[in-house]
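Each ligand, and each atom within it, is numbered from 1 in the order the structure gives. Worth saying up front: this structure is predicted, and the values here are computed from it rather than measured.
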Amino acid sequence: MDQHAILHIDMDAFFAAVEQRDNPALRGRPVLVGGRSHRGVVSTASYEARTFGCRSAMPMRQALRLCPQAIVVVPRMARYAAVSQQVFAILDQFTPRIEPLSIDEAFLDVTGSQRLLGPACAIASGIKRRIHAETGLTASVGVATSKFIAKLASDIEKPDGLVVVPAERVAEFLAPLPIARMWGVGPRTLPTIEQLGIRTFGDLLPWSEPELVQRFGEFGRRFFRLSRGLDDREVVPDRDARSMSHEVTFEYDVADPDVLRATLLDQIEHVAARLRRCERLARCVVLKVRTPDFDTITRRATLDEPADSTDVFWPVLRRLFGEWHADIRRPTSPAVRLLGAGVTQLVSRRERQLSLFDQARHHRRRRLDRALDAIRERYGDQSIVRGSVRGRSAPGE
Ligand code: TTP
Ligand code: MG
């Protein structure tokens, strides 16, 4: 089998769908999941709310102007993380080659699964059925021979979509797609490209590679290849990854440090969960920030010992963010376009040799964990919140 079979799976209106599933009163109604305060941002909008123009990353006030009857629900991250785990456990049964992209999204390489489970399109519909049966939620799936096409395909018939693009149909699939869907084309580059008369992927085809490189630099090379469906990126399962990160590009620049900190906390929590899932530890924490002028910085800090928990990563990440924030001295808070939290220098938990020093610490931490567990058992779960995670819902400090 020389052709790859790649699936891209993305849950539909994930946070809102979980809320509608858990609360029947919300079903069929426009729902906005996000912060209620005057600075709140929409995490996601149910499909009913999207018909009014409400979108992820939109200020809540603007979304409520578009759809005043919408019901606002405050995010319950722990709930979404639990459902996400359930979904990933289902995916695990179809292939070990899973690359998680976010809490509700993953690439699967099912090339090797086909002998046992049938053709990729049958695997895709099997996954959709299982997810629906076990979680009551719908996912959209794209099936193709590359990551790029699979991701485009999963998006095209959302919600509850299943789009299969065989190798021989790639050209016909890509040609009519708007150029805004091209990887690397954002609100800033779009006008420049459209000015050249390039509105669809098909419009790129007459351009030679040197011409595109001359116009757009390295991005031009990517445009040339992707417009022809050429993408040889492999699906990298977490157990083989050299780093892991979560990033978000805000639709609107965000200056509120509380919102930025809350986003980072969610991101690093998810990264930590991914590490635990593949039994790995990380020694280095990375912050990535891009400002509206496209200036991108990364800051990193090395931990005393490799870890896989939010409790260890979060204070370090918060400090990196605080230092970056303090360094940028402007009259107003610096606005952020893209924000990301990640880890590098990964080691397998099993390979890791505990030094004597590490062991002593490890035991101290285990003792502390046990003590906390005992108190929780006696007085209930809410009795103790570790200092480092306090303020999860209101991360201002
Ligand atoms: P997405 O998969 O981008 O969005 P979605 O699942 O809500 O909707 P769909 O895929 O059907 O278009 O993101 C997954 C979840 O991540 C989303 O439910 C909420 C969260 N999220 C944010 O908190 N902020 C954001 O800016 C985005 C894009 C997503
Ligand atoms: Mg989704």
Is the shortest side-chain N to carboxylate O distance from Lys147 to Glu99 below 4.0 Å? yes
Polar protein atoms (N, O or S) that approach the Mg ion (ligand 2) to under 2.8 Å: Asp10 OD1, Met11 O, Asp104 OD2
Check each N or O atom of ligand 1 against all protein N or O atoms and list the pairs under 3.5 Å, with atom names and distances to 0.1 Å, one per line.
residue	atom	partner	partner atom	Å
ligand 1	2 (O)	Asp10	OD1	3.1
ligand 1	2 (O)	Asp104	OD1	3.2
ligand 1	2 (O)	Asp104	OD2	3.0
ligand 1	6 (O)	Met11	O	3.1
ligand 1	6 (O)	Ala13	N	3.4
ligand 1	6 (O)	Phe14	N	3.0
ligand 1	6 (O)	Asp104	OD2	2.9
ligand 1	7 (O)	Phe14	N	3.2
ligand 1	7 (O)	Thr44	OG1	2.4
ligand 1	7 (O)	Arg50	NH2	3.4
ligand 1	8 (O)	Ala13	N	3.1
ligand 1	8 (O)	Arg50	NH2	2.8
ligand 1	10 (O)	Asp10	OD1	3.1
ligand 1	10 (O)	Met11	O	3.2
ligand 1	10 (O)	Lys158	NZ	3.0
ligand 1	11 (O)	Ala13	N	2.8
ligand 1	11 (O)	Tyr47	OH	2.6
ligand 1	11 (O)	Lys158	NZ	3.0
ligand 1	12 (O)	Arg50	NH1	2.9
ligand 1	18 (O)	Phe14	N	3.4
ligand 1	18 (O)	Phe15	N	3.0
ligand 1	21 (N)	Ser43	O	3.4
ligand 1	23 (O)	Ser43	OG	3.4

Restricting to side-chain hydrogen bond (donor to acceptor under 3.5 Å, both in side chains), what partner residues turn up for His270, sequence neighbours left out? none
Atom CZ in Arg239, atom CD1 in Ile98: separation rounded to 0.5 Å? 9.5 Å
State whether the side chain of Ser245 and the backbone N or O of Gly342 hold a donor-acceptor pair below 3.5 Å, judged by distance alone. no
Is Glu19 paired with Arg76 through a side-chain N to carboxylate O contact shorter than 4.0 Å? yes
Is the shortest side-chain N to carboxylate O distance from Asp258 to Arg261 below 4.0 Å? yes
Ion pair Arg215/Glu211, N-O distance below 4.0 Å: no
Suppose we screen for ring-ring contact (aromatic ring centres under 6.0 Å, His included). Which residues come up paired with Trp207, at least two apart in sequence or across chains? none
Is Arg318 positioned over the aromatic face of Phe321, cation under 6.0 angstrom from the ring centre and no more than 45 degrees off axis? no
